[in-house]
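Nothing fancy with the numbering, it's 1 onward along the sequence. When a ligand or atom number is given, it counts from 1 through the structure's own listing order.
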Amino acid sequence: MKRLLSLLLASVLLLSGCSVNPETLSFECMDTFMQLSVYGDKKTAEAVRDEILRLDALFNANEPDSQVGKLNQSGFVEDADVFSVLEGALKVCQSTDGALDPSVYPLVEEWGFISRDFHIPGKATIDELLQHVDYTKIALNFNRVYIPEKMKLDLGAVAKGYAADKAKALLAKNEVKSAILNLGGTVAAVGAKPDGSDWKVGISDPGSTGGYFATVSLHDKIVATSGSYERYFEQDGKRYCHILDPKTGMSADNGVVSVSIISDNGLYCDALSTALFVMGAEKAQAYWKTQQDLPPFDYILLDDTGKVYVTAGVELTLTDKEKYEVVEVSDK
Ligand code: ADP
Ligand code: MG
């Protein structure tokens with residue numbers, strides 16, 4: 001948690017000189033550390049925190065009494081939020097041809113990414129578990145969600161993004177014009193800073209705890225980052241990270257170190273950061289140029305050779321220009 005805290009503190013750069021002080025709340029949630037800075041009243045900031053905690057209680061797949069826990073045990077649940085988050089997630093599953101698939105959960109468990117008792121599963125186990133990975137079998141109908149026997153879902157790849165959307169809506173309802181919400185790697189930059197300038201959000205540097213390799217300038221946008229340095233184990237000199245390729249059941253292994261997505265929609269940001277991580281640099285680029293299912297988005301993809309792929313709409317500042325080679329992605 002200490003590491004998360006330092007990561008978090010480094011990832012949001014609040015420039016000094018703001019005339020008002022924000023209401024700031026920090027708490028642990030969704031297996032990470034969150035910090036809200038809201039230029040509004042305390043009650044509003046607390047309402048946002050409570051909303052995020054409420055969603056965590058619904059979505060926690062490791063908690064049998066949560067709504068997702070119930071769904072995984074019985075194959076059915078009726079819940080407006082589980083329905084909504086899955087409705088959005090399934091659009092990304094379809095659009096990315098299953099690079100995102102919340103039903104990969106039994107494999108995430110088998111690899112030990114939940115228990116932290118890490119190991120590489122054998123081929124027979126992977127093949128058996130892969131038989132139940134198939135987002136097309138998730139059925140949604142008026143707040144009701146149905147999944148087949150032996151399927152289990154995990155909303156870990158999308159929950160923080162959905163929570164960011166709900167938090168933003170709550171702030172708008174309470175007429176808050178300025179806030180920065182760091183939901184552990186998913187950051188909502190609401191409006192502008194009180195002095196009217198853009199928010200500056202740091203993108204974590206995988207090579208240095210607490211540091212960042214770049215900052216992005218944001219005005220009323222959400223940025224979500226998935227990184228191979230967040231949760232992983234090493235065996236025989238090889239790194240296995242917590243994002244799996246749902247087609248193979250293996251840990252994504254294509255040279256991607258981190259992917260950040262910037263857009264207006266937190267759920268899509270979070271879902272796409274995971275999906276593009278699975279695709280790898282080349283497929284991600286082709287997908288970005290051709291996809292028409294989802295609203296346009298920007299991305300920053302760092303690979304293990306030091307290349308930083310950046311789409312045209314990103315205002316990016318590298319902290320060390322010598323260390324990285326920027327590859328501009330454009331021509332939609
Ligand atoms: P983080 O939660 O660390 O910010 P992500 O948003 O990328 O990172 O979500 C990763 C989590 O989602 C994993 O911990 C796992 O529970 C789950 N997951 C892993 N691979 C996939 C995948 N291909 N599709 C959907 N969920 C996944
Ligand atoms: Mg994600």
Please state which protein non-hydrogen atom is closest to [atom] and give its distance, to 0.1 Å?
atom: atom 21 (C) of ligand 1; result: Val104 CG1, 3.7 Å
atom: atom 3 (O) of ligand 1; result: Glu230 OE1, 2.6 Å
atom: atom 25 (C) of ligand 1; result: Asp101 O, 3.3 Å
atom: atom 26 (N) of ligand 1; result: Ala157 CB, 3.5 Å
atom: atom 5 (P) of ligand 1; result: Thr274 OG1, 3.3 Å

Ser251 versus Tyr232, side-chain donor and acceptor atoms under 3.5 Å:
no
Answer yes if the side chains of Ser103 and Asp101 hold a donor-acceptor pair under 3.5 Å, and no otherwise.
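Judged by distance alone, the side chains do pair up.
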As a check for students: among Ile243, Asp270, Asp154, Ile114, identify the option with a heavy atom nearest to atom 16 (O) of ligand 1.
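Among Ile243, Asp270, Asp154, Ile114, the closest heavy atom to atom 16 (O) of ligand 1 belongs to Asp154.
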Considering Arg231, His242, Glu109, Lys160 one by one, which has a heavy atom nearer to atom 10 (C) of ligand 1 than any of the others?
His242
Measuring from the Mg ion (ligand 2), count protein N/O/S atoms under 2.8 Å, please.
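Every protein N, O or S atom under 2.8 Å from the Mg ion (ligand 2) counted, the figure is 4.
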Stacked cation flag Lys137 on Tyr135, 6.0 angstrom / 45 deg
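The answer is no; the distance or angle limit is not met.
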Going by an N to O cut-off under 4.0 Å, is there a salt bridge joining [X] and [Y]?
X: Glu109; Y: Lys152; value: yes
X: Arg54; Y: Asp50; value: no
X: Lys168; Y: Asp220; value: yes
X: Lys238; Y: Asp253; value: yes
X: Lys70; Y: Asp65; value: no

Could you list the residues that satisfy side-chain hydrogen bond (donor to acceptor under 3.5 Å, both in side chains) with His119, not counting sequence neighbours?
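So His119 forms a side-chain hydrogen bond (donor to acceptor under 3.5 Å, both in side chains) with Glu110.
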Pair Trp111 and Tyr240, ring centroids less than 6.0 Å apart
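Yes, ring centres under 6.0 Å apart.
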Any N or O of Leu244 closer than 3.5 Å to N or O of ligand 1
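Between Leu244 and ligand 1, an N or O pair is found under 3.5 Å apart.
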Need the ligand 1 atom indices (1-based, order shown) with element for anything under 4.0 Å from a heavy-atom of [X].
X: Pro246; answer: 23 (N)
X: Val108; answer: 15 (C), 16 (O)
X: Leu100; answer: 24 (N), 25 (C)

My understanding is that only residues two or more places apart in sequence, or in another chain, count here; which of them pass salt bridge (Lys or Arg N to Asp or Glu O under 4.0 Å) with Asp198?
none
What part of Ala99, side chain, backbone, both or neither, has a heavy atom within less than 4.0 angstrom of ligand 1?
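Only the backbone of Ala99 comes within reach of ligand 1.
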Asp79 meets the side chain to side chain contact (heavy atoms under 4.5 Å, CB included) criterion, sequence neighbours left out, with Leu58, Gln67, Asp81, Val82
